[in-house]
Amino acid sequence: MTLHSHSSAAQTSATHPSTTPQHHHLPRRLAHAMTTVATGIVILLVWQVWTDAAHVPSTLMPSPLAIAQAAGKSWHTLWPALQVTLTEGILGFAIAIVAGVLLGVGFHCSRLLHATLLPYLTAAQTLPLIAIAPMFLIWFGFEPTGKVVLTAIFGLFPIAVQTVRGLDGVPRFYEDVALTCGASRAWTLWHVKLRVAARQIFGGIRISAAYTLATATTAEYLGARKGLGIWLQMAYNSFRTPLIFVAAFAIIIATGVLLLAVDAVEHMLLGDPEDEDLS
């Protein structure tokens, strides 16, 4: 059997293609999205009614309407600050993906590397950001580079762990079939095993994406010249509570968009997981 025929067979078994039309899942996705939106609307309405009925001071707990008004009035300063944080967060996230996957592959292929480096990587994740941010201020100053590095370091751990767990969990017969058909171990790793483990790897990427922008914002808050963290610090120092909520909602919305982007990339590369379950 040629390597070309092996490639078709191995990739076919690894990808589990489905003949189920993807549009069959559209009503279910729409129902989930509508439920999420409806829940958010109900929460905001209850929040608004409570603050109005109880006459809660905006300095203590601003209403959604007050937060929206504050966002509109401060948009000319909020958007540039958010752009800085988005740039730092996305760059750090991209570095974390590449470094995390490569580390995960290294841990899977080398038991020595797994035993020597992974425990220290795990220990590094237990350190609070506030404990190591001063060192990055000393090394990188107030420039965005330090925020990018910090975001990458705190983001690569779940990706590396999910990568090695996914690769370790690939059934042995995938590798046996590929090797029997004449493929090299390197080809089998990159074209078969990583493909089978891709869902779990994307799980780690999704976890990392969930707190990437929050990490970048916190790093800015601890020391930067510009960014959403500095914008938030200025709002706090001036006791402008609605603006603090504006910054929080900006992080939540931007993180939601980033997670949707990760889901879209996963769907383009791997298809719908529900289709795989039905195949």
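Predicted model, so just to flag it, every value in this text is computed and none were measured.
By the 6.0 Å contact criterion, CE on M234 is open, its count of non-hydrogen atoms from other residues, nucleotides or ligands being 12 or less. A 6.0 Å sphere centred on CZ of R206 holds more than 12 heavy atoms belonging to other residues, nucleotides or ligands. More than 12 heavy atoms of other residues, nucleotides or ligands sit less than 6.0 Å from atom CG of L102.
The minimum heavy-atom distance linking P64 with Q48 is given by the pair CD-OE1, 3.3 Å. When all heavy atoms are compared, the tightest approach of L189 to V105 is CD2-CG1, 3.7 Å. Taking each heavy atom of T85 and A216 in turn, the nearest pair found is CG2-CB, 4.1 Å. Shortest non-hydrogen contact noted between L103 and A160 is CB-CB, 4.1 Å. Residue T116 comes nearest to Y120 through the heavy atom pair O-CD1, 2.9 Å, listed as atom of the first residue, atom of the second, then distance. Nearest approach of A96 to A152, heavy atoms of both residues: CB-O, 3.6 Å.
No side-chain donor-acceptor contact under 3.5 Å links E88 and T151. In this structure, a donor-acceptor pair under 3.5 Å is absent between the side chains of S63 and W47.
Using modelled atom types, one side-chain atom of S184 and one backbone atom of W187 make a donor-acceptor pair closer than 3.5 Å. With hydrogens and angles disregarded, a donor-acceptor distance shorter than 3.5 Å links the side chain of T241 to the backbone of T59. With hydrogens and angles disregarded, no donor-acceptor distance shorter than 3.5 Å links the side chain of S110 to the backbone of F107.
How far OG of S58 is from CD1 of I67: 10.0 Å, rounded to the nearest 0.5 Å. Separating the CG atom in L82 from the CG atom in L228 is a distance of 6.0 Å, to the nearest 0.5 Å. In this structure, CG in L269 is found 9.5 Å from CZ in R199, a value given to the nearest 0.5 Å. From I153, atom CD1 reaches atom CG of L121 across 9.5 Å, with rounding to the nearest 0.5 Å. In this structure, the separation between CZ on F157 and CD on Q162 is 9.5 Å, given to the nearest 0.5 Å. Here the NE2-NZ distance, from H108 to K193, works out to 3.0 Å after rounding to the nearest 0.5 Å.
With V42 as the fixed residue, the side chain to side chain contact (heavy atoms under 4.5 Å, CB included) test singles out one of T39, L45, V46: V46.
Cluster membership check: W75 shares its hydrophobic cluster with L243, using side-chain heavy-atom separations under 4.5 Å among Ile, Leu, Val, Met, Phe, Trp and Tyr. Under the 4.5 Å side-chain contact rule for hydrophobic residues, V246 and M61 share a cluster. A single hydrophobic cluster is seen to contain both W231 and W79, as judged by linkage of ILVMFWY side chains at heavy-atom distances under 4.5 Å, directly or through other members. Note on L167: it clusters hydrophobically with I159, by side-chain heavy-atom contacts below 4.5 Å among ILVMFWY residues. Hydrophobic clustering places L222 together with W139 (ILVMFWY residues linked when any side-chain heavy atoms are closer than 4.5 Å, directly or through intermediates).
Ring pair F136/F140 is parallel by interplanar angle, where below 30° counts as parallel and above 60° as perpendicular.
At least one side-chain heavy atom of L150 sits less than 4.5 Å from a side-chain heavy atom of I132.
Listed by first and then second residue, the salt bridge (charged side-chain N to carboxylate O under 4.0 Å, His left out) pairs that reach into residues 101-130 are R111-D168, sequence neighbours excluded.
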inquiry  = Using salt bridge (charged side-chain N to carboxylate O under 4.0 Å, His left out), reason through K226 and E220 one step at a time and then give a plain yes or no.
reply    = CA-CA 7 Å; K226 52 187 176 179; E220 291 170 346; over 6 Å; no
